[in-house]
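These notes concern the structure reproduced below.
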Amino acid sequence: MKTLHLIRHAKSSWKDESLADIDRPLAPRGIRACALMAEKIAAAGCDFSHVFTSAAVRAQATIRLIAETLGTVQMSWTVADGLYTFSAHDLLEWCRDNLPADIDQAVIVGHNPAMQDLSNLMQDGAAGKRIEKLPTCAYVQMVLDDDSWTRLGPGRLKLITFLTPKMFK
């Protein structure tokens with residue numbers, strides 16, 4: 001069995017409009033959301049042993065702040081250029097091609113609409129739990145009843161947990 005943990009980056013700042021999209025930092029609201037969500041994500045069973053993040057500044061800042069908030073959890077992450085995508089298809093292909101076969105849990109820190117679309121594409125239709133909106137700093141945990149990441153595909157995952165910052169305010 002494989003478990004996929006998805007974390008959408010926290011709210012980014014548009015204060016400096018001259019920055020390229022990939023270079024936008026977190027907004028103060030995003031920084032607060034990371035502190036709020038870190039413990040909730042950990043309590044939901046997120047295993048931070050294998051974290052992969054988009055190259056975007058806001059995605060890297062999200063996982064760094066979650067790690068700092070948790071403090072006692074040993075965490076490192078791999079920055080993957082291929083995770084800087086807004087396409088569910090590209091995100092799915094990245095997971096199939098890049099998640100190591102010998103790990104059972106993977107955390108992906110990325111972007112919408114790719115994260116929301118992937119969550120909905122991958123869910124077992126019988127479960128009927130469509131995610132209508134995946135806000136910034138939201139967390140999704142899904143399980144693949146298989147032993148290979150290469151078999152990720154539409155309708156293959158079961159949604160276990162869906163958390164948003166607004167749930168805890």
Side-chain angles (χ1 to χ4, degrees), residues 1-15 22-80 83-86 88 91 94-95 98-100 102-120 122-124 127 129-145 149 152 157-169:
M1 183 174 336
K2 304 286 189 186
T3 304
L4 186 62
H5 306 269
L6 303 176
I7 302 173
R8 182 176 173 202
H9 68 77
K11 179 71 176 163
S12 61
S13 173
W14 289 86
K15 190 173 185 178
I22 198 167
D23 295 326
R24 285 190 288 117
L26 293 181
R29 184 176 112 196
I31 294 168
R32 290 189 302 273
C34 290
L36 174 70
M37 291 297 289
E39 292 288 342
K40 307 301 183 192
I41 292 169
C46 186
D47 179 335
F48 293 101
S49 299
H50 303 283
V51 179
F52 304 89
T53 184
S54 159
V57 168
R58 61 192 180 274
Q60 293 180 65
T62 297
I63 196 61
R64 180 180 48 78
L65 289 169
I66 288 172
E68 288 173 5
T69 300
L70 293 175
T72 59
V73 175
Q74 291 296 317
M75 192 185 319
S76 63
W77 48 89
T78 301
V79 176
L83 292 177
Y84 181 66
T85 182
F86 305 98
L91 184 55
W94 187 93
C95 289
N98 294 281
L99 290 177
D102 63 337
I103 68 169
D104 290 329
Q105 299 202 35
V107 178
I108 306 291
V109 183
H111 309 273
N112 253 6
M115 301 288 268
Q116 178 177 319
D117 293 346
L118 181 73
S119 296
N120 289 325
M122 302 294 281
Q123 283 187 65
D124 176 358
K129 295 180 181 177
R130 183 165 176 76
I131 295 174
E132 295 301 323
K133 182 179 181 190
L134 187 69
T136 52
C137 213
Y139 168 72
V140 174
Q141 182 183 120
M142 303 172 85
V143 173
L144 172 67
D145 192 15
W149 294 113
L152 280 174
L157 296 174
K158 179 181 178 188
L159 178 66
I160 302 299
T161 306
F162 173 49
L163 303 174
T164 70
K166 283 189 178 182
M167 292 176 172
F168 305 104
K169 288 188 177 183

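The figures here come from the full heavy-atom set of this structure, side chains too, leaving out hydrogens, waters and symmetry mates.
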Counting N and O atoms only, with roles assigned by atom type, does the side chain of K2 sit under 3.5 Å from a partner on the main chain of I103, one being a donor and the other an acceptor?
yes
Can you name the closest pair of heavy atoms from Q116 and K133 and give their distance?
OE1-CA, 3.4 Å
Verify the neighbour count for atom CG of D145: are there more than 12 heavy atoms of other residues, nucleotides or ligands below 6.0 Å?
no
For a 4.5 angstrom cut-off between non-hydrogen side-chain atoms, does W149 reach N98?
no
pair T161-L163: side-chain heavy atoms closer than 4.5 Å:
yes
Quick check for you: to the nearest 0.5 Å, what is the distance between L6 atom CG and L118 atom CG?
6.0 Å
Indicate every side-chain donor-acceptor pair of residues 34-53 with a distance under 3.5 Å to a residue at least two apart or in another chain.
from	atom 1	to	atom 2	distance (Å)
D47	OD1	S49	N	2.8
D47	OD1	S49	OG	2.5

Using only atom types and a distance under 3.5 Å, with no angle test, would you say the side chain of N112 pairs donor to acceptor with the backbone of P135?
no
Has the side chain of Q141 got a donor or acceptor atom that lies under 3.5 Å from a matching backbone atom of H5?
no
Please step through side-chain contact (heavy atoms from CB on, under 4.5 Å) for the pair I108 and L99, ending with a clear verdict.
CA-CA 10 Å; I108 306 291; L99 290 177; 4.2 Å; yes
Does T85 reach the side chain of W94, with side-chain heavy atoms less than 4.5 Å apart?
no
I need the minimum non-hydrogen distance between P165 and A33, along with the two atoms involved.
CG-CB, 4.3 Å
Using side-chain heavy atoms (C-beta onward) and a distance below 4.5 Å, is L157 in contact with L4?
yes
Picking from L65, T136, V57, what satisfies side chain to side chain contact (heavy atoms under 4.5 Å, CB included) with L26?
L65
If we only count heavy atoms from C-beta on, is the K158 to M142 side-chain gap below 4.5 Å?
no
Are the side chains of V140 and I131 in contact, using a 4.5 Å heavy-atom criterion?
yes
Hey, are the side chains of D104 and M1 touching, using non-hydrogen atoms and a 4.5 Å cut-off?
no
Which heavy atom of A55 sits nearest a heavy atom of Q60, and at what distance?
O-NE2, 2.7 Å
Nearest-0.5 Å distance that lies between atom CZ in R24 and atom OG in S12:
3.5 Å
State whether the side chain of R8 and the backbone N or O of L134 hold a donor-acceptor pair below 3.5 Å, judged by distance alone.
yes
If you measure from CZ on F162 to CE on M167, what distance do you get to the nearest 0.5 Å?
5.5 Å
CZ/R29 to SG/C137 distance, rounded to the nearest 0.5 angstrom?
10.0 Å
Have H9 and S54 got a donor and an acceptor in their side chains that come within less than 3.5 Å?
no
Taking atom types as modelled and ignoring hydrogens, do the side chains of Y84 and H111 form a donor-acceptor contact shorter than 3.5 angstrom?
no
Sub-4.5 Å side-chain heavy-atom contact between V109 and I66:
no
